[in-house]
There are 2 protein chains.
Amino acid sequence: MSKRHPPVPPAAAPSPAAIAPAETRVDNAVRAITDYIHGQGLKVDDSLPSEARFAEWLGVSRTVIREAFKSLSAIRIIEMRAGRRARVGGFDGSVIALSLTHALRTEQISPQQMWDARRAVERRTVALAASRRSDAEAAHLLALVEQMRDARHDLARMTEHDIAFHVAIANATRNPLFPVLVASLTSAMRETNPMVWRHRRDDEARLDVVRVHEDIARAIAAGDPDAACAALDKHFDLAAQALLTAGFS
Amino acid sequence: MSKRHPPVPPAAAPSPAAIAPAETRVDNAVRAITDYIHGQGLKVDDSLPSEARFAEWLGVSRTVIREAFKSLSAIRIIEMRAGRRARVGGFDGSVIALSLTHALRTEQISPQQMWDARRAVERRTVALAASRRSDAEAAHLLALVEQMRDARHDLARMTEHDIAFHVAIANATRNPLFPVLVASLTSAMRETNPMVWRHRRDDEARLDVVRVHEDIARAIAAGDPDAACAALDKHFDLAAQALLTAGFS
DNA sequence: AGGATAAAACTTGTATGATAGGTTGAATCA
DNA sequence: TGATTCAACCTATCATACAAGTTTTATCCT
């Protein structure tokens, strides 16, 4: 077993670090920056030091810091804009929505599974909304239902009103996490909804959809959590059935 | 109103585009790349063209493509590693967890609100788990409870077992979205848990925590959804009470 | 002094060119 | 056939430069 060239020691049993994808300088920078934000107790809209400053502190090129910033910007931990220093970003569901959309597109989760997660979350939002909603919110929900009824032949508008309706319910819970989750889960399905809707040709079928929403709104307006849950279940059963009809396995 | 130097037309009423932060070339690249992935119907682990190729196609520098790649990599839509071409990324909850952690750290949502979202999701996971769990999963859950009991004086281990327990329940639902959501919501609270745990000094208080988990596991093992939900509610009530004791508003 | 305004200083966005080091597959050798 | 080597390719990082957007400072006019 004579080696001519021993440039590489006999493949020294793959180091444990070789399994995890080696830490890059950008990764370190990302951590350093998040640590900075956390360490300094920065809050939304507070501004960060410039890229150049971080580069100097960490002893890396601005390229590295830029890519780290871009990473953080992608998950909305910071906000970047030309000329201005980066600021700490606000929490919105867009990242979650992107992640879920990607999971759907690449068939890592099915529309049914997404719907089921929505059901889990919304079972709670309707119940909470029924007990916490203000009168204005109740009125708003009923108004949104009317808008859905008017828009039932315009898929785009219908979809927007639908999302607005479910998010409005989530808003009434007074827990900002719920609207974010509902919006994310809902908007991730913007691409599968059209296929389902296409199978509801006749007006009656579309009015059925409007009606289940109306029932939910009424139950919330009446302050009846149980009725709201029941109505929500009807909503989701209808959706599940429609998915099957549309041919989703 | 005479202008000496008219280098700028009278501030022509802020264009609508001026409100939204100007689109950058990186943004365009991000869209182009996601469109490419979607358009080509790429699935997890499929590999993308090189940065240089995209740069050529889009007529921009490699810098721009790199930052676009890094953005997509941050939300796990693609995976990058030195030497290898980028691949389409798998769906895991890390992005959601990061987003939620940031929201908590910057006090955009409170621990209570996070717990309430968990309750919403887990109400469903325990019910589904109770009706769908395999015998192996039931045994695993009970084993995890024992590990929690053993580890009740080691916060770090306790936390990991706790997360593993709730994720294991979510896994038994056969819906991959649930473990992701539960893991995200749970791990986002790694930082607030210690403060709560510190207020459970005596062994009895800690055993109470173990016991509520045991009740959940038993109900799931018994295939009783209602009992599982009831046990879960006890779990969350205990947590809510502990949060108050620990001084969270 | 006060307030509008222009200039300077700073910051991010993008481009170019280089190099080091990781990955892959084809050619090669035992 | 199977292990090895090597060349081609690709990403990670750096240094430098410049355009364009923002903020701060200095300036000027009233």
Side-chain angles (χ1 to χ4, degrees), chain A residues 1-12 14-15 17-30 32-33 45 47-74 78-87 89, chain B residues 1-11 14-15 17-30 32-33 45-74 78-87 89:
Chain A
M1 231 223 183
S2 69
K3 284 159 268 159
R4 304 241 198 86
H5 319 277
V8 178
S15 74
I19 296 176
E23 283 268 303
T24 162
R25 296 191 193 199
V26 175
D27 294 334
N28 289 332
V30 165
I33 296 163
D45 271 348
S47 64
L48 279 72
S50 71
E51 297 171 354
R53 183 115 53 205
F54 270 115
E56 194 186 350
W57 286 345
L58 303 181
V60 295
S61 72
R62 185 159 74 100
T63 307
V64 168
I65 303 298
R66 258 198 85 65
E67 293 189 1
F69 268 42
K70 261 282 179 278
S71 287
L72 292 170
S73 162
I78 66 175
E79 272 179 15
M80 302 174 71
R81 262 171 65 185
R84 273 187 352 189
R85 298 227 294 271
R87 301 170 192 282
Chain B
M1 228 211 178
S2 71
K3 284 159 266 156
R4 306 242 196 83
H5 318 277
V8 177
S15 73
I19 296 175
E23 284 267 301
T24 161
R25 297 192 190 193
V26 175
D27 294 334
N28 289 331
V30 165
I33 296 164
D45 271 349
D46 287 347
S47 65
L48 278 72
S50 71
E51 297 172 355
R53 182 113 57 201
F54 270 114
E56 195 186 351
W57 286 345
L58 304 181
V60 296
S61 73
R62 213 190 114 209
T63 307
V64 168
I65 302 299
R66 256 198 87 64
E67 293 190 0
F69 268 41
K70 259 284 179 275
S71 286
L72 292 170
S73 162
I78 66 175
E79 271 179 16
M80 302 173 72
R81 261 171 65 185
R84 272 185 355 187
R85 297 225 295 267
R87 301 167 192 276

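Numbered from 1 within each chain, the chains take letters A, B, ... in sequence-line order.
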**OP:** Would you mind building the protein contact string for nucleotides 9-14 of chain D? One character per nucleotide, 5' to 3', B for base within reach (heavy atoms under 4.0 Å), S for sugar-phosphate only, - for untouched.
**Re:** -BBBBB
Subject >> B/E67 side, atom CD; B/T24 side, atom OG1 - distance, nearest 0.5 Å >> reply: 7.5 Å
Subject >> Nearest atoms (heavy-atom pairs only) where B/M80 meets B/S73 >> reply: SD-CB, 3.7 Å
Subject >> Residues that A/D45 engages under side chain to side chain contact (heavy atoms under 4.5 Å, CB included), provided they are two or more places apart >> reply: A/R87
Original post:
What is the distance from CD1 of A/I65 to C1' of C/dT11, rounded to the nearest Å?
Top reply: 14 Å
Original post:
A/R87 CZ to C/dT11 P: how many Å, rounded?
Top reply: 13 Å
Can you list, pair by pair, the side-chain donor-acceptor contacts under 3.5 Å of residues 48-58 of chain A, counting residues two or more places apart and other chains?
from, atom 1, to, atom 2, distance (Å)
A/S50, OG, A/R53, N, 3.2
A/E51, OE1, A/R62, NH1, 2.6
A/E51, OE2, A/R66, NH1, 2.8

**OP:** Quick one: pull up NZ in B/K70 and OG in A/S71 and give me the separation to the nearest 0.5 Å.
**Re:** 5.5 Å
